[in-house]
Amino acid sequence: MPRYKIIYESEETIIGHLPKSDEWVQYTGQLKIRDGGKTPVTLDITLDPPHPFARNMPETHSIKATSITEAYARVVKFFERFGMRFS
């Protein structure tokens, strides 16, 4: 299996809002784009403390996608599963 080179890498801050409890949730992540493969974009996110009181959010989540747009669309869907709005 060939190893693809990372052509772009950045630190991301992703913030969501829980409207029912009026809490804000922050994830930090690392966005990596490789020069080939089926899913060249990966976004690994980690929850920043404090943990929201109203919901049991996952500490980490990994997203693989074909484009940056698709990766962030999956972040929106991930947030919607827990009743959050992407901000």
Side-chain angles (χ1 to χ4, degrees):
M1 188 163 128
R3 281 269 192 202
Y4 297 107
K5 294 179 185 174
I6 296 173
I7 57 173
Y8 181 78
E9 189 171 4
S10 72
E11 291 292 321
E12 303 290 319
T13 301
I14 302 168
I15 299 173
H17 181 247
L18 288 162
K20 288 187 178 181
S21 63
D22 197 30
E23 289 182 277
W24 293 89
V25 177
Q26 181 173 329
Y27 279 88
T28 56
Q30 190 164 16
L31 177 70
K32 292 181 185 177
I33 302 173
R34 290 180 166 67
D35 64 351
K38 190 174 182 180
T39 53
V41 178
T42 58
L43 178 62
D44 298 317
I45 57 176
T46 305
L47 181 67
D48 287 343
H51 201 279
F53 180 72
R55 296 276 185 195
N56 189 13
M57 298 296 298
E59 296 289 325
T60 61
H61 187 68
S62 183
I63 296 170
K64 295 182 180 183
T66 57
S67 67
I68 296 172
T69 304
E70 182 183 346
Y72 274 95
R74 290 182 183 196
V75 168
V76 171
K77 287 180 183 178
F78 169 70
F79 278 5
E80 286 176 350
R81 274 191 280 161
F82 295 97
M84 281 195 309
R85 283 191 240 153
F86 180 74
S87 297

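The figures that follow rest on heavy atoms only: side chains count, while hydrogens, waters and symmetry mates do not.
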TODO: Decide yes or no for Phe79 and Val25: does some side-chain heavy atom of the first lie under 4.5 Å from some side-chain heavy atom of the second?
DONE: no
- [ ] Indicate the atoms forming the closest heavy-atom contact of Pro19 with Arg85, along with that distance.
- [x] CB-NH2, 3.2 Å
- [ ] Could you state whether Val76 and Ile63 fall into the same hydrophobic cluster, counting links through intermediate Ile, Leu, Val, Met, Phe, Trp or Tyr residues with side-chain heavy atoms under 4.5 angstrom apart?
- [x] yes
- [ ] Search all heavy atoms of Ala65 against all heavy atoms of Ala71 and return the closest pair with its distance.
- [x] CB-N, 3.6 Å
Open item on the list: Looking only at side-chain N and O atoms, does His17 offer a donor or acceptor that is under 3.5 Å from a partner on Asp22?
Closed with: yes
Open item on the list: Quick check: closest heavy atoms across Tyr27 and Pro58, and the distance to 0.1 Å?
Closed with: OH-O, 2.8 Å
TODO: Taking all heavy atoms of Phe82 and all of Asn56, pick out the closest pair and write down the distance.
DONE: CE2-O, 3.9 Å
Open item on the list: To the nearest 0.5 Å, what is the distance between OG1 on Thr42 and CD1 on Ile6?
Closed with: 7.0 Å
Open item on the list: Working to the nearest 0.5 angstrom, can you tell me the gap between Phe78 CZ and Phe86 CZ?
Closed with: 12.5 Å
TODO: Check whether Ile15 and Leu43 end up in the same hydrophobic cluster, where Ile, Leu, Val, Met, Phe, Trp and Tyr are linked by side-chain heavy atoms less than 4.5 Å apart.
DONE: no
- [ ] Please check if the side chain of Asp35 supplies one atom and the backbone of Ile7 the other of a donor-acceptor pair under 3.5 Å.
- [x] no
Open item on the list: Tell me the closest heavy-atom pair linking Thr66 and Lys38, and the distance in Å.
Closed with: CG2-O, 3.5 Å
- [ ] Kindly indicate whether the side chain of Glu11, heavy atoms from C-beta on, has any atom under 4.5 Å from the side chain of Gln30.
- [x] yes
Open item on the list: With clusters defined by side-chain heavy atoms of hydrophobic residues (ILVMFWY) lying less than 4.5 Å apart, directly or transitively, does Trp24 cluster with Ile45?
Closed with: no
Open item on the list: Membership question, hydrophobic clusters at under 4.5 Å side-chain separation (ILVMFWY): are Tyr8 and Val41 in the same one?
Closed with: yes
TODO: Could you tell me the separation between the CE atom of Met57 and the CD atom of Glu23, rounded to the nearest 0.5 Å?
DONE: 10.5 Å
Open item on the list: Rounded at 0.5 Å granularity, tell me how far NZ in Lys64 sits from CZ in Arg74.
Closed with: 11.0 Å
Open item on the list: Is it true that Ser10 and Glu12 share a donor-acceptor pair across their side chains at a distance under 3.5 Å?
Closed with: yes
Open item on the list: Using every non-hydrogen atom in the two residues, find where Ser62 and Asp44 come nearest and quote the distance to one decimal.
Closed with: OG-OD1, 2.6 Å
